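For reference, the structure discussed in these notes is given below.
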Amino acid sequence: MDRTVPVGAALLLDFIRKTEVGREDRASYDVIYANKQGKLAKPLTSMTIDEVLAAQRGWSKNHGSSAAGGYQFMRATLAELKEELGLRGSQKLDPDLQDRLGYHLLKRRGYEGFMAGTVSRTEFGKRLAMEWASFPVLAGAKGQKRQVKRGQSYYAGDGLNKALVAPDVVEAVLDRVKAAGNAVSIQPAPAPEPVIVEKPVVADPEELGTPPAKSKTVWTWALAGIGSIVTAVGNFMGGLDWRAQLFISAMIVAFAIYGLKRRADLFRAVKDLKAEIG
């Protein structure tokens, strides 16, 4: 279910898909009227809106109806939604888009008024039956073709449609929808990627009082500088660009010399401090 659809509406849309196409899983979004989706060149959810509208022209003749998707959008309804919502013809009729369009149809039929208490359950049930032919009216009413009784499809008498669910089941679902409310389900935020902070390399504090000639840190820096020179010479002999190698080696040696000098300065500072302290 698209995450922008409120909880109550999502519950009702799941029920509508199950009633209209007989299932509410991912495959429900690919169903066309009379389960003829196997005759399509590609799944409905991989088709663009314009591709579906073009194909629906022949479905009424070939399959008996142009109804498509989990909410069985008729061609005229899909064309209206495209214009009303400013949809691009290149948008795919994927599950999320179908959910958003289904929710829009609910709002068209008075969902918000029902949730607010200004539209009765019986009236909202009738409006749902006007949108989805598999739903029954919840009380006797004037249908499209004739007067219909509680439990009959609004379109009873057209030779094509009939109610596929009992009215008391619809009433129970609508009660659950209203109790669920209009909150939008919150999606968990993605876990942040770990930030790796490298610790700076510093001299061992206990070595600051050690003469530079006996310091492990000094010898490490000195050997690193000598090693870089040896490496540069080896690479030069191996045919690598000598200017690049010379530049890199010079930088490493300069850093090593600077480190040695700073180490010597720290040694003298520590020695002087100890002398002052006594």
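Keep in mind that this is a model prediction, so the values were computed, not measured.
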Problem - Stepwise side chain to side chain contact (heavy atoms under 4.5 Å, CB included) test for T45 and K92 - result: CA-CA 7 Å; T45 50; K92 289 187 177 181; over 6 Å; no
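- Between K145 and D158 there is no salt bridge, since no side-chain nitrogen of the basic residue lies less than 4.0 Å from a carboxylate oxygen of the acidic one.
- Rounding to the nearest 0.5 Å gives a distance of 8.5 Å between CG of L53 and OG1 of T48.
- There is a side-chain donor-acceptor pair under 3.5 Å between R17 and Y29.
- Each ring pair (Phe, Tyr, Trp, His ring centres under 6.0 Å) pair with one or both residues in residues 122-158, not counting sequence neighbours, appears once here: F15-F135, F114-F124.
- Note that NZ of K18 is 11.5 Å distant from OG of S28, once rounded to the nearest 0.5 Å.
- For the pair R88 and E83, the salt-bridge criterion is not met [side-chain N within less than 4.0 Å of a carboxylate O].
- The pair R127-E123 meets the salt-bridge criterion, since a charged nitrogen lies less than 4.0 angstrom from a carboxylate oxygen.
- Summarising the hydrophobic clusters (Ile, Leu, Val, Met, Phe, Trp, Tyr; side-chain heavy atoms under 4.5 Å, direct or chained), the residues clustered with M74 are none.
- Here the CG atom belonging to D96 is positioned 11.5 Å from the CD atom belonging to Q91, to the nearest 0.5 angstrom.
- Hydrophobic clustering of Ile, Leu, Val, Met, Phe, Trp and Tyr side chains at less than 4.5 Å, counting indirect connections, keeps V52 apart from V31.
- Residues passing the salt bridge (charged side-chain N to carboxylate O under 4.0 Å, His left out) test with E84 are R108, sequence neighbours excluded.
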